[in-house]
2 protein chains.
Amino acid sequence: MTKQAANPDRISDAEQAVMEALWTRSPLTAAEVADSVGEERGWSLATVKTLLSRLVGKNAIAAQPDGRRFLYSPVIARADFVGHESRRLVDRLFGGKAASLFAHLAEAEALSDADIEEIEVLLRELRK
Amino acid sequence: MTKQAANPDRISDAEQAVMEALWTRSPLTAAEVADSVGEERGWSLATVKTLLSRLVGKNAIAAQPDGRRFLYSPVIARADFVGHESRRLVDRLFGGKAASLFAHLAEAEALSDADIEEIEVLLRELRK
DNA sequence: TCGAAACGATTACGACTGTAAACAATGACG
DNA sequence: CGTCATTGTTTACAGTCGTAATCGTTTCGA
């Protein structure tokens with residue numbers, strides 16, 4: 001047990017692609033996931049099956065038996081995943097300060113006019 | 001060459017800790033980095049040396065000879081690293097829309113009052 | 001009924017990571 | 001001068017990730 005203490009079952013990039021498919025529609029069979037994901041990623045059915053197994057092992061998805069195959073569904077919600085990853089980034093790179101992330105985005109001109117517009121609206125919402 | 005095509009020399013978590021030390025102060029010797037980083041992470045000098053080598057291999061830091069040892073300095077700037085990782089997150093999780101990230105943070109109540117205050121100020125700046 | 005198709009499970013394998021230990025060369029101290 | 005400490009280099013090794021191929025079983029169509 002050397003690393004997973006620091007790495008409590010993170011969802012990898014490839015695995016995320018599978019999650020996205022299931023977040024979009026579920027439950028799905030392995031073949032269906034492969035159709036939807038393997039398409040653009042150029043993955044073989046075998047690869048998708050491996051990823052599904054790993055995700056089940058990580059308790060990120062559940063497999064309910066349906067005849068002799070499984071129907072897979074997400075166990076963790078996308079919002080939770082997104083929240084987790086966002087928080088992780090803010091902690092790792094901005095000392096936990098979300099405003100710093102925002103400042104960086106602004107400074108790096110990573111914010112489009114539309115972004116700024118939208119954020120202003122959100123801000124007005126926030127202060128009710 | 002199966003994976004690094006998709007992974008052009010990313011800086012890992014452990015490696016980032018070493019980078020942080022060098023971003024804070026540089027150039028440093030391996031021993032100095034170990035003092036500054038290995039302390040809190042509980043790393044041995046050997047571990048720090050390995051990480052330094054790997055970072056040199058990734059062209060993330062440079063090693064200039066100083067007698068029979070090296071002085072290490074960052075090659076990539078922290079702002080670049082931060083920008084890269086932020087963009088990556090926004091792309092991966094928010095379809096490239098920074099405003100969506102912001103919306104998520106707001107919704108998840110991940111924004112403190114101070115954050116909001118600060119962002120408002122920044123926004124005023126932005127629209128000059 | 002018999003072979004092909006479909007499924008999950010097992011095995012594979014190289015690259016990357018975290019975490020070092022072992023080794024070789026050299027320099028410093030007694 | 002000999003030995004210990006220092007420093008970079010090489011090797012190690014288990015766990016994760018990307019990407020499958022193979023295997024064993026079951027089912028469906030001819």
Side-chain angles (χ1 to χ4, degrees), chain A residues 1-21 27-35 37-73 85 88 92, chain B residues 1-21 27-35 37-73 85 88 92:
Chain A
M1 188 199 312
T2 300
K3 172 196 195 177
Q4 89 260 30
N7 195 357
D9 283 346
R10 297 224 26 245
I11 289 172
S12 77
D13 277 22
E15 286 161 1
Q16 192 199 326
V18 168
M19 292 303 294
E20 297 290 352
L28 293 180
T29 66
E32 287 169 332
V33 173
D35 276 359
V37 175
E39 198 68 15
E40 38 195 299
R41 310 273 288 202
W43 284 339
S44 76
L45 174 60
T47 297
V48 172
K49 284 188 197 173
T50 299
L51 294 173
L52 285 168
S53 298
R54 288 181 182 168
L55 285 168
V56 168
K58 293 179 179 182
N59 281 311
I61 65 179
Q64 71 179 133
D66 171 56
R68 79 191 203 78
R69 61 196 176 156
F70 287 126
L71 295 181
Y72 299 93
S73 319
E85 291 297 305
R88 196 177 123 80
R92 245 174 18 104
Chain B
M1 188 198 312
T2 300
K3 170 194 192 179
Q4 89 260 29
N7 195 357
D9 283 346
R10 293 222 35 240
I11 290 173
S12 76
D13 277 21
E15 286 161 0
Q16 192 200 326
V18 168
M19 293 303 293
E20 297 290 352
L28 293 180
T29 66
E32 288 170 332
V33 172
D35 276 359
V37 175
E39 197 68 15
E40 38 194 300
R41 309 274 289 202
W43 283 339
S44 76
L45 175 59
T47 296
V48 172
K49 284 188 200 171
T50 299
L51 294 173
L52 284 168
S53 298
R54 289 181 182 169
L55 284 168
V56 169
K58 293 179 180 181
N59 282 311
I61 65 178
Q64 73 180 131
D66 171 56
R68 79 190 204 77
R69 62 198 177 153
F70 287 127
L71 294 181
Y72 299 92
S73 318
E85 291 297 305
R88 197 176 122 80
R92 245 175 18 103

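Chain identifiers are assigned alphabetically (A, B, ...) following the order of the sequence lines, protein sequences preceding nucleic acid strands; residue numbering begins at 1 within each chain. These numbers were taken from a predicted model, which means no experiment stands behind them.
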**Student:** Using a 4.5 Å cut-off on heavy atoms from C-beta on, say whether the side chain of Leu52(B) contacts that of Val56(B).
**Tutor:** no
**Student:** Rounding to an integer number of Å, can you tell me how far Asp13(A) CG sits from dT16(D) C1'?
**Tutor:** 13 Å
**Student:** Leu55(A) has an atom CG; how far is it from atom C1' of dC17(D), in whole Å?
**Tutor:** 12 Å
**Student:** Check the distance between dA6(C)'s C1' and Asp35(A)'s CG and give it to me in whole angstrom.
**Tutor:** 13 Å
**Student:** Is the backbone of Ala60(A) close enough, under 3.5 Å, to the side chain of Glu15(A) for a donor and an acceptor to pair up by distance?
**Tutor:** no
**Student:** So, the side chain of Gln64(A) versus the backbone of Pro27(A): is there a donor-acceptor pair under 3.5 Å, distance only?
**Tutor:** no
**Student:** Can you confirm whether Thr47(A) sits close enough to Ser44(A) that some side-chain heavy atom of one is under 4.5 Å from a side-chain heavy atom of the other?
**Tutor:** yes
**Student:** Are the side chains of Val18(A) and Leu55(A) in contact, using a 4.5 Å heavy-atom criterion?
**Tutor:** yes
**Student:** Measure the OH-NZ distance between Tyr72(A) and Lys49(A) for me, rounded to the nearest 0.5 Å.
**Tutor:** 8.5 Å
**Student:** Rounded off to whole Å, could you give me the CD-to-C1' distance for the Glu15(B) and dG18(C) pair?
**Tutor:** 10 Å
**Student:** Does Ser12(B) make a side-chain N or O approach to OP1 or OP2 of dC16(C) shorter than 4.0 Å?
**Tutor:** no
**Student:** Reading DNA chain C from 5' onward, which residue's closest nucleotide shows up sooner: Thr47(B) or Lys58(B)?
**Tutor:** Lys58(B)
**Student:** Which whole-number value in Å describes the distance from Leu51(B) CG to dA21(C) C1'?
**Tutor:** 15 Å
**Student:** Output the single nucleotide from dT17(C), dT19(C), dA21(C) whose closest atom is nearest the side chain of Ala46(B).
**Tutor:** dA21(C)
**Student:** Strictly under 3.5 Å: I want the nitrogen or oxygen pairs between protein and nucleotides 8-13 of chain D, one per line.
**Tutor:**
unit_1 : atom_1 : unit_2   : atom_2 : d
dG8(D) : OP1    : Phe70(B) : N      : 2.9
dG8(D) : N7     : Lys49(B) : NZ     : 2.7

**Student:** For Asp13(A), is there an ion pair with Arg41(A) - N to carboxylate O distance below 4.0 angstrom?
**Tutor:** no
**Student:** Leu52(B) CG to dT7(D) P: how many Å, rounded?
**Tutor:** 12 Å
**Student:** In whole angstrom, what separates Gln16(B)'s CD from dC16(C)'s C1'?
**Tutor:** 17 Å
**Student:** Roughly how many Å is it from CG in Asp66(B) to P in dG27(C), rounded to a whole number?
**Tutor:** 12 Å
**Student:** Could you tell me whether Gly57(A) contacts a base, only the sugar-phosphate backbone, or nothing, with contacts defined as non-hydrogen atoms closer than 4.0 Å?
**Tutor:** nothing
